[in-house]
Amino acid sequence: MAEIGFELYNNQLIQKLVGVSDSNLKLIEKTLGVEILSFGNEMTIKGEEKSVEKAKEAVMLLYDKVGRGVEIGEEEVKAALRICNGNLSQTEKQDLNEMVLKTKKRHIYPRSAMQAKYIEEMMKNELVFGLGPAGTGKTYLAVALAVSMMIDGAVDKIILSRPAVEAGENLGFLPGDLKEKVDPYLRPLYDALYEMLPAETVDKKIALGEIEIAPLAFMRGRTLSNAFVILDEAQNTTPMQMKMFLTRLGENSRMVVNGDLSQVDLPKGVVSGLRDALDTLKNVSNISSVAFTSKDVVRHGLVAKIVQAYEEKTKK
C-alpha cells in the first residue's frame, strides 16, 4: 500500500474538480481501487502504488482542465483516466489534455489517446481513413474538426456523405420522396452538426450550400475544392463507388473516410470498397489510417463491453 499527499491552491477550482458530493473523486476511486481524502486544498490518495500514481495524474489533469474553464463531469473524468492508463510520456499526456476543437456551441476534447492521434492525422494529412467500431468518435470528431476549420476560414464548405445501404434495406421500397428516403441514413451527420452549431446556423448554411449532406451517389462527376469532405459508413461502398469518391478531392480540401469493417451490409460476395481502398492505397504518401478498438469506445460503458464481446467471438 502507498499513500501520497499534495496541495491544490485554488479552492474554487477544487470545488469544481471534485464534483457534487465528491462524485468525480468517487469515480476515480471506483475505477482505480484507491481512496481519496479531500480536506480544503489538501488531498491524500491511498492504495496500490501504481494506482495511486495514476489517480494523482488524473486529478492533476482534471485540475488543469478546470483551470482552463472546462466543466468537469463523468465523461471528462473517464477521459482523464484513459489518458493516465495510456502508454504515454508526461508531455504527451499534457498535450493530449490540452488539445481542443472549438465550435460555436462547445469545445471538444479528445477522450482517449487514439482520438488525439486521429485529430492529429486529420490535421496533417489530406486523406485519412478512420477505422473501428461504433462509439469511438470517428464521425463526431471529423465533423468537429470540419466545423472548427470552417469557423477559422480554412475551408469554405463542409460536405458530409453516406452510402444509402443499411442492414439490407432497399431505398426503393421505403415511403416518401428521395429526401424522405435518404434522410434517415444521414441523420447521424445532422445530429453531430446540431451539437456544434446553432440550429439556425446549420439550416442557413445548408440553404446556402456551405454545408451539404447527401448520399454518396450525389458526388459523381464533381470536384470538391476548398472543402472538408467526410464519408461515413464507408464499409458499405463498393470498390467502384470508393474510387469515384476519392477522386473527387480538389484543391485545398481534405477528406476523411470512416467505417467499421465488421459491419458490412453489402450483398454477399460484394467486396467492401473501404477494404479495397486500404489495400490499394497502403503505399501512397499523404494518406493516413487510424484504427480504433473496443478500448477506445467512449459511449456508454456497456457499448465497449458489447463491442469487445463481438470482437472476441469473431476471433474464435
Side-chain angles (χ1 to χ4, degrees), residues 1-100 107-120 132-133 135-137 141 290-308 311:
M1 297 293 287
E3 178 177 324
I4 188 170
F6 55 97
E7 291 186 11
L8 301 173
Y9 297 100
N10 188 316
N11 288 331
Q12 288 185 330
L13 296 184
I14 293 170
Q15 289 177 1
K16 295 176 181 178
L17 163 66
V18 302
V20 179
S21 301
D22 291 349
S23 57
N24 295 334
L25 297 185
K26 288 175 182 176
L27 180 53
I28 296 173
E29 288 179 323
K30 181 180 178 182
T31 304
L32 295 177
V34 298
E35 180 184 4
I36 304 177
L37 305 174
S38 178
F39 302 101
N41 65 340
E42 295 183 357
M43 281 198 182
T44 303
I45 305 176
K46 301 177 182 179
E48 292 185 2
E49 186 174 353
K50 287 186 178 180
S51 297
V52 166
E53 290 173 358
K54 288 180 180 179
K56 183 184 177 183
E57 278 187 351
V59 168
M60 297 309 295
L61 288 174
L62 292 169
Y63 185 69
D64 178 63
K65 273 194 172 181
V66 170
R68 288 184 281 113
V70 181
E71 188 174 332
I72 301 299
E74 181 179 344
E75 292 306 316
E76 283 67 33
V77 176
K78 289 180 179 178
L81 289 167
R82 285 192 203 97
I83 293 172
C84 294
N85 280 320
N87 187 24
L88 303 170
S89 69
Q90 205 61 43
T91 301
E92 288 173 326
K93 290 175 182 178
Q94 192 61 40
D95 289 347
L96 198 164
N97 198 53
E98 293 176 2
M99 185 179 287
V100 59
H107 290 180
I108 295 159
Y109 301 85
R111 298 188 184 279
S112 71
M114 193 59 71
Q115 283 196 348
K117 180 183 177 184
Y118 179 54
I119 293 170
E120 287 177 346
T136 50
L141 291 174
V290 178
F292 294 92
T293 69
S294 58
K295 294 178 181 178
D296 301 304
V297 172
V298 295
R299 282 187 194 161
H300 191 288
L302 189 57
V303 175
K305 294 178 182 178
I306 292 169
V307 171
Q308 191 170 4
E311 284 180 353

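Closest approach of Tyr109 and Lys65 over heavy atoms only: CB-NZ, 3.8 Å. Scanning all heavy atoms of the two residues, the minimum distance from Val34 to Ser51 falls at CG1-CB, 3.6 Å. Between Ala58 and Cys84, the shortest heavy-atom contact is N-SG, 3.4 Å. Across every non-hydrogen atom of Pro133 and Val297, the tightest pair is CG-CG2, 4.4 Å. The shortest heavy-atom contact between Asp296 and Ser112 is OD1-OG, 3.9 Å. Minimum interatomic distance between Ile72 and Lys16 (heavy atoms only, all atoms of both residues): CB-O, 4.1 Å.
For the atom pair Asn41 CG and Gln15 CD, the distance stands at 11.5 Å (nearest 0.5 Å). Interatomic distance, Arg82 CZ to Lys295 NZ, rounded to the nearest 0.5 Å: 13.0 Å. Distance check, rounded to the nearest 0.5 Å: CD1 of Ile45 to NZ of Lys54 gives 13.5 Å. Atom CZ of Phe292 and atom NZ of Lys117 lie 9.5 Å apart (nearest 0.5 Å). For the atom pair NZ of Lys50 and CG of Leu32, the computed distance is 13.0 Å after rounding to the nearest 0.5 Å.
Atom CD of Glu71 sits in a sparse spot, with 12 or fewer heavy atoms from other residues, nucleotides or ligands closer than 6.0 Å. The number of heavy atoms from other shown groups lying within 6.0 Å of CD (Glu48) does not exceed 12. For Glu49, the CD atom sits in a loose shell: 12 or fewer heavy atoms of surrounding residues, nucleotides or ligands are nearer than 6.0 Å.
A heavy-atom distance below 4.5 Å is found between the side chains of Met43 and Leu8. Contact check for Met99 versus Gln115: no side-chain heavy atoms found under the 4.5 Å cut-off. Contact annotation: the side chain of Tyr9 never approaches that of Ile14 to less than 4.5 Å [non-hydrogen atoms, C-beta and beyond]. Proximity of Val290 to Met114: side-chain heavy atoms (C-beta onward) are separated by under 4.5 Å at one or more points. Here the side chains of Thr44 and Glu42 are not in contact, with every heavy-atom distance at 4.5 Å or above. Side chains of Thr136 and Tyr118 form no contact here, defined as non-hydrogen atoms less than 4.5 Å apart. With a 4.5 Å cut-off on side-chain heavy atoms, Lys26 and Glu29 count as touching.
Panel note: side chain Asn24, backbone Leu17; a donor-acceptor pair is recorded below 3.5 Å. The backbone N or O of Leu13 sits less than 3.5 Å from a side-chain atom of Asn10, completing a donor-acceptor pair. Looking only at distances, no side-chain donor or acceptor of Arg111 sits under 3.5 Å from a matching main-chain atom of Lys78. At distances below 3.5 Å, not a single donor-acceptor pair connects side-chain atoms of Glu35 with backbone N or O atoms of Gly47.
Under the side chain to side chain contact (heavy atoms under 4.5 Å, CB included) test applied with Leu62, the options Val18, Leu81, Ile28, Leu25 reduce to a single match, Ile28.
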